[in-house]
Amino acid sequence: MTWKGGAFGQRARCVLAPNPDVMTLDGTNTWVLREPDSERSVVVDPGPQIEAHLDAIAEAAGDVQLVLLTHGHLDHSEAARSFAERVGCPVRALDPRHRLGDEGLGHGDVVSVDGLEVRVVGTPGHTGDSLSFVLPQERAVLTGDTVLGRGTTVVAHPDGQLGAYLDSLHRLHRLAEAKEVTVVWPGHGPVIENALDVLDFYLAHRAERLEQVREALQQVGETDNVPRRVVEIVYADVDPVLWGAAEMSVRAQIDYLRG
């Protein structure tokens with residue numbers, strides 16, 4: 001099924017960026033959030049510097065009060081500053097390098113615009129600066145690249161750390177178990193209607209991969225370029241075009257096992 005974005009719940013619209021590839025899936029999901037009947041909005045992850053995409057965001061968003069970033073990878077953050085300057089609003093992010101204005105963003109923060117409430121959950125692991133955003137009224141969580149709408153994500157070693165990523169998955173899992181979130185609005189790929197199921201899958205997948213890496217390390221022993229040798233064993237059934245990304249995750253897993 002082709003993912004094209006669209007309206008979700010009463011408070012969200014996904015504007016899909018035209019930057020598809022093997023890493024971004026259908027493209028970057030830019031999320032426009034606003035309270036029903038409000039003209040004022042929050043934009044999450046303006047995405048790449050593609051003028052047609054920024055025009056589409058501006059048209060969907062109306063009076064933008066704030067730009068939020070889930071993390072600093074360019075497919076999410078590249079256009080944040082230029083878009084915010086265009087509409088006259090600040091950019092809030094965990095990493096100071098991506099901010100526009102004085103306010104940062106971190107775990108436990110709450111952003112409110114005309115009754116819209118966005119709660120910030122720290123979810124490092126994919127990157128060190130990864131955040132997720134919970135909309136309590138929708139019981140939805142915007143996960144950036146922490147949970148994708150299709151497949152699984154990369155732990156972008158060395159900035160990304162597997163231990164932190166597993167902690168983040170468990171943090172989101174607790175929210176889903178408590179039914180504080182029931183749906184995932186990801187940074188790439190389609191909306192996931194059952195948050196608990198996908199988080200169960202992500203945790204099981206990580207445990208399985210970790211065991212596979214542990215066994216592969218025993219096979220390769222002390223040889224040159226151990227991470228690539230492990231990739232060739234563990235990811236033998238994966239398109240080699242993805243092996244570079246897989247190697248980042250393998251390096252993170254080796255660090256975790258040897259830590």
Side-chain angles (χ1 to χ4, degrees), residues 11-12 14-15 17 28-35 38 40-49 54 57-58 61 63-138 140-147 153-161 163-172 174-175 180-181 184-188:
R11 296 170 175 83
C14 176
V15 182
T28 299
N29 292 338
T30 296
W31 290 95
V32 177
L33 310 175
R34 62 156 63 85
E35 195 66 8
S38 173
R40 305 201 303 167
S41 69
V42 173
V43 170
V44 177
D45 290 352
Q49 188 68 45
L54 302 186
I57 299 170
D63 184 5
V64 182
Q65 297 299 295
L66 185 62
V67 168
L68 304 179
L69 292 180
T70 61
H71 65 297
H73 280 169
L74 288 179
D75 56 315
H76 295 257
S77 70
E78 183 182 30
R81 176 176 289 270
S82 66
F83 180 77
E85 289 173 341
R86 167 177 172 170
V87 300
C89 77
V91 177
R92 294 182 62 182
L94 180 60
D95 188 335
R97 293 175 297 178
H98 298 295
R99 298 173 189 166
L100 180 62
D102 297 330
E103 282 194 280
L105 200 63
H107 179 75
D109 286 348
V110 177
V111 174
S112 298
V113 175
D114 291 348
L116 174 75
E117 185 175 299
V118 180
R119 297 180 183 175
V120 181
V121 179
T123 49
H126 169 68
T127 61
D129 68 334
S130 289
L131 300 171
S132 295
F133 304 129
V134 172
L135 274 69
Q137 299 104 318
E138 300 284 354
V141 58
L142 285 75
T143 52
D145 285 359
T146 297
V147 176
T153 198
V154 171
V155 178
H157 183 272
D159 179 42
Q161 298 289 323
Y165 185 64
L166 293 173
D167 288 345
S168 294
L169 290 180
H170 282 291
R171 183 173 297 122
L172 293 174
R174 288 192 294 272
L175 292 174
E180 293 183 43
V181 299
V184 174
W185 294 344
H188 302 280

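All values derive from a computational prediction rather than experimental measurement.
- Between Gln49 and Ser82, some side-chain heavy-atom pair lies under the 4.5 Å cut-off.
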Which is it for Trp185 and Val141 under the side-chain contact (heavy atoms from CB on, under 4.5 Å) test, yes or no, and what are the steps along the way?
-> CA-CA 6 Å; Trp185 294 344; Val141 58; over 6 Å; no
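- Between His98 and His73, the ring centre distance reaches or exceeds 6.0 Å.
- Side chain of Gln161 to backbone of Pro124: no donor-acceptor contact under 3.5 angstrom is found.
- When all heavy atoms of Asp109 and Gly104 are compared, the closest pair comes out as OD2-O, 4.4 Å.
- For the side-chain hydrogen bond (donor to acceptor under 3.5 Å, both in side chains) test, residues two or more places apart in sequence or in another chain that qualify with His71 are Asp145.
- Side-chain contact, Ser132 with Thr123: a donor N or O sits under 3.5 Å from an acceptor N or O.
- Partner of Val91 under the side chain to side chain contact (heavy atoms under 4.5 Å, CB included) criterion, chosen from Leu105, Leu69, Val43, Leu66: Leu69.
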Go through the steps for Val118 and Leu135 under the test side-chain contact (heavy atoms from CB on, under 4.5 Å), then give the verdict.
-> CA-CA 5 Å; Val118 180; Leu135 274 69; 4.3 Å; yes
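- Trp31 places a side-chain N or O within donor-acceptor distance of the main-chain N or O of Pro186, the cut-off being under 3.5 Å.
- Counting all heavy atoms, side chain and backbone alike, Val113 lies closest to Gln65 at CG1-CG, 3.9 Å.
- Considering all non-hydrogen atoms of both residues, Ala79 and Leu54 come closest at CB-CD2, 3.6 Å.
- Residues Gly122 and Ser168 share a closest heavy-atom pair of O-OG, 4.2 Å.
- A distance of 12.5 Å separates CG in Leu100 from CZ in Arg92, rounded to the nearest 0.5 Å.
- The backbone N or O of Arg34 lies less than 3.5 Å from no partner atom in the side chain of Ser41, so there is not a single donor-acceptor pair.
- Rounding to the nearest 0.5 Å gives a distance of 8.5 Å between NE2 of His76 and OG of Ser130.
- Separating the CD1 atom in Ile57 from the CZ atom in Phe83 is a distance of 5.0 Å, to the nearest 0.5 Å.
- Of all heavy-atom pairs between Arg81 and Arg99, the closest is NH2-O, 3.2 Å.
- Taking CG from Leu33 and CZ from Arg11, the interatomic distance works out to 10.5 Å, rounded to the nearest 0.5 Å.
- Note that the CZ atom of Arg97 and the CG atom of Leu94 stand 10.5 Å from one another [nearest 0.5 Å].
- Between the side chain of Asp159 and the main chain of Gly128, a donor-acceptor pair closer than 3.5 Å is present.
- The one candidate from Asp45, Thr143, Asn29 that meets the side-chain hydrogen bond (donor to acceptor under 3.5 Å, both in side chains) condition with Thr70 is Asp45.
- Between Ser38 and Leu116 there is no side-chain heavy-atom pair separated by less than 4.5 Å.
- Taking OG1 of Thr146 as the reference point, atom CG of Leu169 lies at 7.5 Å (rounded to 0.5 Å).
- Side-chain contact check for His126 versus Val155: every heavy-atom pair is 4.5 Å or farther apart.
- Taking each heavy atom of Ser77 and Gly72 in turn, the nearest pair found is OG-O, 2.8 Å.
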